[in-house]
Amino acid sequence: MAPKVYIETVGCQMNVLDSELVAGSLKRAGYQLAADLATADVVLLNTCSVRQHAEDKIYSTLGKLRRWKAKGSGRIVGVLGCMAQKDRELIRQRAPHVDVICGPGQLARVVELIEEARRSGTPQIAVSLGRAEASRAEVADSFESYDPLREPAMRPNRFQAYVRTQFGCDKFCTYCIVPSVRGPEQSRPPEHILAEVRQLADQGCKEVTLTGQTVNSYKYVAGDGRIWRLSDLLYAIHDLSGIVRIKFITNFPRDMTQDLLEAVRTLPKVCRYLHVPAQSGCNEVLRRMKRLYTVEFYREMLARCRDTIPGVAISSDFIVGFCGETEECFQRTCKLVAEAGFKNSYIFKYSPRPGTKAYDLFADDVPEEVKRRRNNDLLAIQNRVSLSEHRRWIGRTVEVLVEGQSKLAHKRGAIHGDRVQLTGRTMTDHIVVFEGPLSLTGDIVPVYIEDASSFTLFGRRLGPESENAHRGLESQAASEKRSAVAARVG
Ligand code: SAH
Ligand code: SF4
Ligand code: F3S
């Protein structure tokens, strides 16, 4: 019987993509996916090190997996991803029952490692070089590119997919472990990216999200000397038939160049949505974080995004309670959030990471309860801003790519015959919930927005005849963009 594998994933979009690729490689090697632990022979945890909390949860799961492993013979436990790269020794000490440890730069070997662990019963370990262990080029080489064939069945749905543009990060923000665990920033050759998107389109994929830790820093010098930027990639992908939506995450504020903003304005398939984390609204904190910009620069960048791309939605990340953050500093962050009009923000309490500059240089001097209070306060401000930002959509018609049944559907008992509560996203990344048949999943449909909360727009699906009657701003903007492209091409 084919061995069954169960993969649990935490962390960012990089890990989600890696898990899909690992599942695809295992499937081609004869494995099946297990729906749960009980029926699995191999359990893989794809891990994240960005905050202590994420690591604690993995150690607690590993504790449970010790009992799981003892209950059946030949069972295999694997730790993949960023924790594997960062803490192989610690994992061996704290969880000696782990059979496979494989860093994110070694995933091309994961099938071989699992097979070897099953055959020999001895632990298998593959990690890349640490950033200080060798020259930049050698370390970069040890983070091998992993881009096997895509397997639509391994994604939550076949019409949306992540596509990697870069590995690693070179920004070295002082709080962040990512440059250590993901290695040097390396942009993938554009022809690989385009071939992958073409393959995805052939498999029925409609929306691609280009991913990189700082996706807008993408830069590749081709053999003919041509320099490819993210904007060039957007134009090239835009020409591929079958793909109807293109997104990209995450952006670094300093690299938000005008060519990129103009590509977003011009290309109708590119979502008018930018995730550009600010991290703090205080220059003193930004300097200690080594973010390389000031609040004034960030605000000016936001204004440039909004001037260039009418109707663009912008989201952000913030860290509260970073080393030396005074109440005054925090109030500056509150002011930024109150004024910037973000669609949403992800807010995190600072978590000191051994191996980062901040851990070595600065005291983690903001008490936990102050971090918690600041987190709640900032969230409350963002929620108010999000609500008014969302309410502006009431009375407009938006185009929604339907992702499936909403999580609320069961809770609210809102199933009427073949109609369920569906959820999807707009071109500005807003979540929309509305009623309709499940068969709409994967389609783009016009929805008239009637209500809004801080997180969600609620609407009514329009039939083709009522579409014109309610033609709202989004449809207008899309058709303006279409004529802009026609003009450019012409
Ligand atoms: N590359 C992306 C995000 C990387 S990690 C970027 O540069 O924007 C995702 C988010 O986690 C970061 O934006 C930051 O807000 C948060 N984060 C990173 N390190 C952290 C730490 N040590 N403690 C708390 N939050 C952290
Ligand atoms: Fe971390 Fe900064 Fe790189 Fe983002 S840009 S991954 S926050 S070091
Ligand atoms: Fe976490 Fe690694 Fe992503 S540390 S945020 S999974 S790059």
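Bear in mind the structure is a predicted one, so any value in this text is a computation, not a measurement.
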For this session: Look at the side chain of Asp365 and the backbone N and O of Gly324, then say whether any donor-acceptor pair between them is shorter than 3.5 Å.
Result: yes
Exercise. Under a 4.0 Å N-O cut-off, is there an ion pair linking Glu369 with Arg374?
Worked result: no
Problem set entry | Donor + acceptor pair across side chains of Thr308, Gln258 (<3.5 Å) | yes
Exercise. Do the side chain of Lys269 and the main chain of Ile243 share a donor and acceptor less than 3.5 angstrom apart?
Worked result: yes
Exercise. Which pair of non-hydrogen atoms, one from Phe172 and one from Pro179, has the smallest distance, and what is that distance?
Worked result: CE2-CB, 3.6 Å
For this session: Keeping the roles fixed (side chain from Thr174, backbone from Arg288), state whether a donor-acceptor pair exists under 3.5 Å.
Result: yes
For this session: State whether Arg461 and Glu435 are salt-bridged, where the test is any N-O pair (Lys NZ or Arg NE/NH1/NH2 against Asp/Glu carboxylate O) under 4.0 Å.
Result: no
Exercise. Side-chain donor-acceptor pair under 3.5 Å between Glu403 and Gln160, yes or no?
Worked result: yes
Exercise. Do you know which two heavy atoms are closest between Lys247 and Cys271, and how far apart they sit?
Worked result: CG-SG, 3.5 Å
Exercise. With side chains defined as the heavy atoms from C-beta onward, is the minimum distance between Gln213 and Phe252 less than 4.5 Å?
Worked result: no
For this session: Kindly indicate, with the supporting measurements, whether the criterion side-chain hydrogen bond (donor to acceptor under 3.5 Å, both in side chains) is fulfilled by Glu262 and Thr266.
Result: CA-CA 6 Å; Glu262 278 163 21; Thr266 308; over 6 Å; no
Exercise. Do Lys371 and Asp364 sit within salt-bridge range, that is, some charged N less than 4.0 Å from a carboxylate O?
Worked result: yes
Exercise. So, the side chain of Ser316 versus the backbone of Ala278: is there a donor-acceptor pair under 3.5 Å, distance only?
Worked result: yes
For this session: Flag the pair Phe167 / Phe143 as yes when their ring centroid distance falls below 6.0 Å, and as no otherwise.
Result: no
For this session: Output yes when Asp377 and Arg372 qualify as a salt bridge under the 4.0 Å nitrogen-oxygen rule, no when they do not.
Result: no
Problem set entry | Steps toward side chain to side chain contact (heavy atoms under 4.5 Å, CB included) verdict (Arg164, Leu21) | CA-CA 11 Å; Arg164 197 190 319 269; Leu21 299 177; 3.7 Å; yes
For this session: State whether the side chain of Ser19 and the backbone N or O of Val16 hold a donor-acceptor pair below 3.5 Å, judged by distance alone.
Result: no
Problem set entry | Basic-acidic side-chain contact under 4.0 Å: Arg182, Asp18 | yes
Exercise. Is it true that Arg265 and Asp307 make a salt bridge, defined as a side-chain N closer than 4.0 Å to a carboxylate O?
Worked result: no
For this session: Heavy atoms only: give me the nearest Val10-Cys48 pair and the separation to one decimal.
Result: CG2-N, 3.7 Å
For this session: For Arg254, look at atom CZ and say whether over 12 heavy atoms of other residues, nucleotides or ligands are found less than 6.0 Å away.
Result: no
Exercise. Within the distance-only criterion (no hydrogens, no angle test), does the side chain of Ser142 pair as donor or acceptor with the backbone N or O of Leu129 below 3.5 angstrom?
Worked result: yes
For this session: For the pair His275 and Tyr346, name the ring-plane relationship: parallel under 30°, tilted 30 to 60°, perpendicular over 60°.
Result: perpendicular
Exercise. Under 6.0 Å from the CZ atom of Phe362, do we count more than 12 heavy atoms belonging to anything else shown?
Worked result: yes
Problem set entry | Minimum-distance pair of heavy atoms, taken over all atoms of Ala363 and Cys323 | O-CB, 3.2 Å
Seminar exercise, completed: All heavy atoms of Tyr220 vs all of Pro190, minimum pair found to be CD2-CD, 3.2 Å
Exercise. Are the side chain of Thr456 and the backbone of Ser453 linked by a donor-acceptor contact shorter than 3.5 Å?
Worked result: no
Exercise. Is it true that Arg332 and Glu284 make a salt bridge, defined as a side-chain N closer than 4.0 Å to a carboxylate O?
Worked result: no
Seminar exercise, completed: What one should report as the nearest heavy-atom pair of Asp87 and Tyr59 is CB-OH, 4.2 Å
Problem set entry | Stacked cation flag Arg226 on Trp228, 6.0 angstrom / 45 deg | yes
For this session: Kindly say whether Ser128 contributes a backbone atom to a donor-acceptor pair with the side chain of Gln85 at under 3.5 angstrom?
Result: yes
Exercise. Hey, are Arg425 and Glu207 close enough for a salt bridge, meaning a charged N less than 4.0 Å from a carboxylate O?
Worked result: no
Exercise. Does Arg373 pair with Glu327 as a salt bridge, N-O distance under 4.0 Å?
Worked result: yes
Exercise. Thinking salt bridges, do Asp259 and Arg229 make one under a 4.0 Å N-O criterion?
Worked result: yes
Problem set entry | Salt-bridge contact Glu450-Arg460 (side-chain N to carboxylate O under 4.0 Å) | yes
Exercise. Hey, does the side chain of Glu138 reach the backbone of Ser135 with a donor-acceptor pair shorter than 3.5 angstrom?
Worked result: yes
Problem set entry | Ser386 backbone acceptor or donor facing His390 side chain under 3.5 Å | yes
